[in-house]
There are 2 protein chains.
Amino acid sequence: MANLSPTFSPLYQQIKSLILQALEAGEWAPGQAIPSEQDLAVRFGVSQGTVRKAVDELSAENILLRRQGKGTFVASHHDPRASFRFLRLVPLAGGAGQPKSFPLECWRARAGQEASKNLHVALGSPIIIIRRLLKFDVKPVVVDEIYLPGEMFQGLTLEILQEWEGSLYSLFETRFGLRMIRASERIRAVAAERQVAELLGVAEYTPLLSVERVAYTYGDKPVEWRRGLYSTAEHFYLNELS
Amino acid sequence: MANLSPTFSPLYQQIKSLILQALEAGEWAPGQAIPSEQDLAVRFGVSQGTVRKAVDELSAENILLRRQGKGTFVASHHDPRASFRFLRLVPLAGGAGQPKSFPLECWRARAGQEASKNLHVALGSPIIIIRRLLKFDVKPVVVDEIYLPGEMFQGLTLEILQEWEGSLYSLFETRFGLRMIRASERIRAVAAERQVAELLGVAEYTPLLSVERVAYTYGDKPVEWRRGLYSTAEHFYLNELS
DNA sequence: CAGTGGTCTAGACCACATG
DNA sequence: ATGTGGTCTAGACCACTGC
């Protein structure tokens, strides 16, 4: 005789929301352990199994990370295993490890139609634009143009970008407290314009992958919009389907 | 004092394997219901919770499909909801529903280097090659060249392909008893050659997405290798990352 | 109404990491 | 030895479907 159920929501879903709220509020820092399942069960007044199911889902979404015997940790882009977690580019001929980022420019502007729509900010509001190069070994492979809401990234400069060792998202995390949770990419094929062609060391009009990405933090809030142009002469974009 | 554990495998994993074996052996047909969790628990001599965890994973892998109140069903490409399940192409401007397949050619050949490697068949063994067009509404958007191991697809002809209503994989399922479980795609950008350009109604050298796919059935056995050329004038390839 | 999947609990025990 | 996540059980009850 409980729950007359047009509004039925399982307990573990509610627990999941509570954990997400705690994460969003910064109660536990990225890379650090959250309380044990037992402790959470007591805190939320449910059984351990129910907490477990909530954590299971968050873990499947790469928001938490379980390590048997050690604990459950807040996923972090600072973790080398998760660096470039969203980059699906793979060298054709095995080899080559981590790519390296080379920021070229960083300037302020005002949001146009597209930026406004993708970042959910008002038309004309301040944004930051970054241009950068991604290299595998010494080979330039990607040119990115990255759009950020100015409000969230106050004080960001080219120098900060250039001095940072590691992925862009780990910088976002450490320096601006923003954790990228998921992203959505739209891929098309385009011809290289002259400037891009020069940066990538390919001929003008060479076909390139255009990868537009919107990246989100908690609550499906968009934080970054970028457009990458990928040279697929010696790399490909790998996607596993199931 | 059980399981001295270099070889530890949880019970539910073993149950999962047993269910997969039954599926592979054709004990339950695609689209049909498998026994209830209770029945399976009895059959395998474990608790319902353990069966449940096994089914949970198979369901997450899109191999089974749960429907509350009705039962658990074998996933089928014949199901309209799963038609073109692996096709990530989306119209730029909303609209347009299901694509439609237009087989153009179908002939026999012998496996070359690439086909041999991708399909795990011997060099020179018989293969079938299909060329087809995919249209959204009346617009041609994809040209596919599809390579199949001849042994598995005896009797396949252009007529059969052309008469078939529905996706290619639902034909594989119904007519050859082959169920595609997962696939892996490698995407690059290429320039349209003349013949392809004509088929797609674009200019020669237009940048296209080259999508190479290997599709697998049970036991990670490759069954199909295809190369699609996608026109991204009015469509894009959508990929969700997490 | 009966049958199915879905949730929740409480408790026992196992595997892994660390001191 | 202790604490953590991981597995397994048995049983109760809820929500959904269809007869």
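Scope of the values below: all heavy atoms of this structure, side chains included, with no hydrogens, waters or symmetry mates. Chain identifiers are assigned alphabetically (A, B, ...) following the order of the sequence lines, protein sequences preceding nucleic acid strands; residue numbering begins at 1 within each chain.
- At the phosphate of C/dC16, neither OP1 nor OP2 sits under 4.0 Å from any side-chain N or O atom of A/R67.
- The residues A/K221 and A/E24 are annotated as not salt-bridged, no charged nitrogen and carboxylate oxygen being separated by less than 4.0 angstrom.
- Between A/E163 and A/R175, no side-chain nitrogen of the basic residue sits less than 4.0 Å from a carboxylate oxygen of the acidic one, so the salt-bridge criterion is not met.
- OP1 or OP2 of D/dG5 sits under 4.0 Å from a side-chain N or O of A/T72.
- The distance from atom NZ of A/K53 to atom C1' of C/dG5 is 11 Å, rounded to the nearest whole Å.
- A salt bridge links B/K16 with B/E61: the closest approach of a Lys/Arg side-chain nitrogen to an acidic carboxylate oxygen falls below 4.0 angstrom.
- Atom CG in A/L65 sits roughly 13 Å away from atom C1' in D/dG5 (whole-Å rounding).
- Environment of CZ in B/R182: crowded, with over 12 heavy atoms of neighbouring residues, nucleotides or ligands closer than 6.0 Å.
- Every residue two or more places apart in sequence or in another chain was checked for a salt bridge (charged side-chain N to carboxylate O under 4.0 Å, His left out) with B/E151, and none qualifies.
- Atom-to-atom, CG of B/D56 to P of C/dT7 comes out at 9 Å; the value is rounded to the nearest Å.
- Computed from coordinates, the A/L64 CG to D/dG6 C1' distance equals 16 Å when rounded to whole Å.
- Under the 30°/60° scheme for interplanar angles, the aromatic rings of B/F176 and B/F172 are found to stand perpendicular.
- Taking atom CD of residue A/Q38 and atom P of nucleotide D/dG6, one finds them 14 Å apart after rounding to whole Å.
- Across the protein-nucleic acid pair, B/R52 atom CZ and D/dG6 atom P stand 19 Å apart, rounded to whole Å.
- Salt bridge annotation for B/D79-B/R81: present, with a cationic side-chain nitrogen under 4.0 angstrom from a carboxylate oxygen.
- Ring planes of A/Y169 and A/H77: perpendicular class, angle over 60° (limits at 30 and 60°).
- Between B/E173 and B/R179 there is no salt bridge, since no side-chain N of the basic residue sits under 4.0 Å from a carboxylate O of the acidic one.
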Pull out every protein N or O sitting under 3.5 Å from an N or O of nucleotides 8-10 of chain D, one pair per line with the distance.
unit_1, atom_1, unit_2, atom_2, d
D/dC8, OP1, B/L11, N, 2.2
D/dC8, OP2, B/L11, N, 3.3
D/dC8, OP2, B/Y12, N, 3.0
D/dT9, OP2, B/S47, N, 3.0
D/dT9, OP2, B/S47, OG, 2.9
D/dT9, OP2, B/T50, OG1, 2.3

Which pairs, protein N/O on one side and nucleotides 17-19 of chain C N/O on the other, fall under 3.5 Å?
unit_1, atom_1, unit_2, atom_2, d
C/dT18, OP1, A/K70, NZ, 3.2

